[in-house]
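Down below is the structure, laid out as structure tokens.
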There are 2 protein chains.
Amino acid sequence: MFSYLFLKKIPAVILKPNTYLKHIAYDSVVFGFSGEKLKILVMKYKNTDYYALPGGFVGLDEDLNSAVRRGLKERTGLDNIFLEQFYTFGNVSRSTPAFMEAIMEANGGVNEYGWMLERFISIAYYALINYDDVELKPEAISESCDWYDLNNLPELIFDHKEILDKALATLRSNLETKLMGVNLLPPLFTMKDLQNVYEAILGEKLHRGAFQRKILGMNLLKRHEKQFSGAAHKAPFLYSFEK
Amino acid sequence: MFSYLFLKKIPAVILKPNTYLKHIAYDSVVFGFSGEKLKILVMKYKNTDYYALPGGFVGLDEDLNSAVRRGLKERTGLDNIFLEQFYTFGNVSRSTPAFMEAIMEANGGVNEYGWMLERFISIAYYALINYDDVELKPEAISESCDWYDLNNLPELIFDHKEILDKALATLRSNLETKLMGVNLLPPLFTMKDLQNVYEAILGEKLHRGAFQRKILGMNLLKRHEKQFSGAAHKAPFLYSFEK
DNA sequence: TTAATATTGTCACATTGTGAGACAATAAAT
DNA sequence: ATTTATTGTCTCACAATGTGACAATATTAA
């Protein structure tokens, strides 16, 4: 949340009072997959050492889900991504205006933005996206956004570490439903690719034969022609996700 | 939501502006089990034919989860019940001030309560409670609260039917975790009782032998002495839920 | 007092699902 | 031509689950 603060290039009005619903924010945990590792998008506030999950606010006449998709599109350029709400964090203690004040001080004053110092509840989402498709936009003066390995994260402010942990737990327990893991891969992928995704999410090795048998048993993948990979072994089939 | 409106017995201040977080409500789907059927609590606004899920608002300095527990305690008298958040509904279209205005008109005016006509997002919870423990409190002038069979519900206002449907879907998919079904039963119950709960929730018959084997295999139930039921057959064991 | 009835606790069997290893196939390097 | 690494698939063992059967037993009926 609070990611478009102090962004001088966009009209100041969008951060003024009466543009967004008060007390309501969203935070998103954006998962990507690269180099056989699971990564997430983390934002850094300019002129500070504060790291946070990308998030934002909900326009007065904007659907909640639309607001989150808008925010993700602005940051990743991606539309039509896999996005799922998983929990709403509403403790009083999660709102720590001290952080916000420090961020504001570091970026030029508090006057207009007092509403952001009030208490917020945050609706949390997680997204699965194809790492290769993303073009991160360093457009905001107030922030930068980058990929981090899950096991090499900077410290996150607010309760964002707790949000991330719950996102990961939800992702793990939902992994089977509708083969959602394929959303982290390009349109064509090998069975090994998919197994790597599963192993990164679950944090454990899976048996190759059993994995293939189970996945193919779902009848959700379409098998394509083999593609000679250039590696010194039998070429694997390529698959795409159908339906 | 909106259940304590126009309740003349409690201090008017609690419904005035600046008591609750604006734009934020909660709704709860309260499941009970009786007569081998699944039931839910539905509220009716006085002087109207409007039925709704019980809900409420979040105090300015109140944790979200605490607010929901407070509301349920006020209505059912129960503390320490099984309660789980499952989704936050945030579409613009879900807020239909026409209903609220009608309810207000029927109960004495709009002046003080204009804030309730604005847009709300609602964090939805479901609760599982022991039907026999509940003493419904018809305390509010503005409402009454009663049990309804799941398949014999009045029409619900706002998007409350959608909320109920999603609650039921969540309950079904979470049913196995930690034997949550026992929360709908008294402290001592038979295996048949538990099977009835499962069948009511899942909407299908289960095989008696396989059910018993699976449940006992979890090692979460403690077996007690038999209790002669008075029925013309072998007496069943009683069980209680342990940890 | 005995037999009938309904339901319980448990088991045996068949079927299905899963974990583990084996083996031939094959693309590239040697 | 041989070696190497990985793939696709298979078989075996074992676990989990679906299904019906049986004896046990609390009450009712005869």
Side-chain angles (χ1 to χ4, degrees), chain A residues 33 35-36 172-179 181-182 185-186 188-242, chain B residues 33 35-36 172-179 181-182 185-186 188-242:
Chain A
F33 184 75
E36 308 197 356
R172 278 184 183 137
S173 81
N174 289 354
L175 189 55
E176 300 306 325
T177 69
K178 228 198 64 161
L179 263 186
V182 298
L185 293 171
L188 286 176
F189 50 87
T190 68
M191 193 57 69
K192 179 75 169 164
D193 292 335
L194 189 58
Q195 186 176 340
N196 284 335
V197 165
Y198 272 65
E199 289 176 346
I201 292 174
L202 297 174
E204 60 181 348
K205 289 291 173 192
L206 302 176
H207 186 276
R208 189 174 60 89
F211 181 78
Q212 171 132 336
R213 181 176 52 198
K214 190 164 97 180
I215 298 294
L216 290 182
M218 294 179 183
N219 283 321
L220 294 172
L221 294 186
K222 179 176 176 188
R223 179 178 277 188
H224 296 257
E225 291 181 0
K226 293 195 179 197
Q227 168 182 284
F228 289 29
S229 59
H233 54 76
K234 189 175 177 179
F237 287 115
L238 290 177
Y239 295 91
S240 65
F241 179 67
E242 304 290 323
Chain B
F33 185 75
E36 308 197 355
R172 278 185 182 138
S173 80
N174 290 355
L175 188 56
E176 300 306 325
T177 70
K178 230 199 62 163
L179 261 186
V182 298
L185 293 170
L188 286 176
F189 51 87
T190 68
M191 192 57 68
K192 179 76 170 163
D193 292 335
L194 189 57
Q195 186 175 343
N196 283 336
V197 166
Y198 272 65
E199 289 176 346
I201 292 174
L202 297 174
E204 59 181 350
K205 290 290 174 194
L206 302 176
H207 187 275
R208 190 174 60 89
F211 182 79
Q212 170 133 335
R213 181 177 52 198
K214 189 164 99 179
I215 298 295
L216 291 181
M218 294 179 183
N219 283 320
L220 293 171
L221 294 185
K222 181 176 175 188
R223 179 178 278 187
H224 296 257
E225 292 180 359
K226 294 193 178 195
Q227 169 183 283
F228 289 31
S229 59
H233 54 75
K234 189 175 177 178
F237 287 115
L238 291 178
Y239 295 91
S240 65
F241 178 67
E242 304 289 323

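So that the names make sense, note that chain A is the first sequence line, chain B the second, and so on, each numbered from 1.
Between the CD atom of A:Q195 and the P atom of C:dT18 there is a distance of 15 Å, given to the nearest Å. Between the NZ atom of A:K226 and the P atom of C:dA25 there is a distance of 12 Å, given to the nearest Å. Counting to the nearest Å, the C1' atom of C:dA22 and the NE2 atom of A:H207 are 10 Å from each other. Put simply, CD on B:Q227 is 13 Å from P on C:dG9, counting in whole angstrom units. The distance from atom CZ of A:R213 to atom C1' of D:dC14 is 12 Å, rounded to the nearest whole Å. Regarding A:R223, its CZ atom lies at a distance of 13 Å from the P atom of D:dT7, rounded to whole Å. Computed from coordinates, the A:I215 CD1 to C:dT18 P distance equals 11 Å when rounded to whole Å. When the C1' atom of D:dT17 is taken as reference, atom NZ of B:K214 falls 9 Å away, rounded to whole Å.
Taking CZ of B:R223 as the reference point, atom CZ of B:F237 lies at 4.0 Å (rounded to 0.5 Å). In this structure, CD on A:E176 lies 6.5 Å from CD1 on A:I215, to the nearest 0.5 angstrom. Taking CD of B:E199 as the reference point, atom CG of B:L194 lies at 10.0 Å (rounded to 0.5 Å).
Side chains of A:Q227 and A:S229: no donor on one and acceptor on the other come within 3.5 Å.
Residues A:L221 and A:M191 share a closest heavy-atom pair of CD1-CE, 4.2 Å.
Taking only side-chain atoms of A:H233, from C-beta outward, the nucleotide of D:dT6, C:dA6, D:dG8 with the closest atom is D:dT6.
Residue-level contact check: B:A210 touches the bases, meaning some heavy atom is under 4.0 Å from a base atom. Contacts of B:G230 with the nucleic acid, taken as non-hydrogen atoms under 4.0 Å apart, involve only primed sugar atoms and P, OP1 or OP2.
With hydrogens and angles ignored, no donor-acceptor pair closer than 3.5 Å exists between the side chain of B:R208 and the base of D:dG20.
Within the 4.0 Å cut-off from OP1 or OP2 of D:dT9, at least one side-chain nitrogen or oxygen of A:Q212 is found.
Nearest-nucleotide positions on DNA chain D place A:A232 closer to the 5' end than the other of A:A232 and A:M191.
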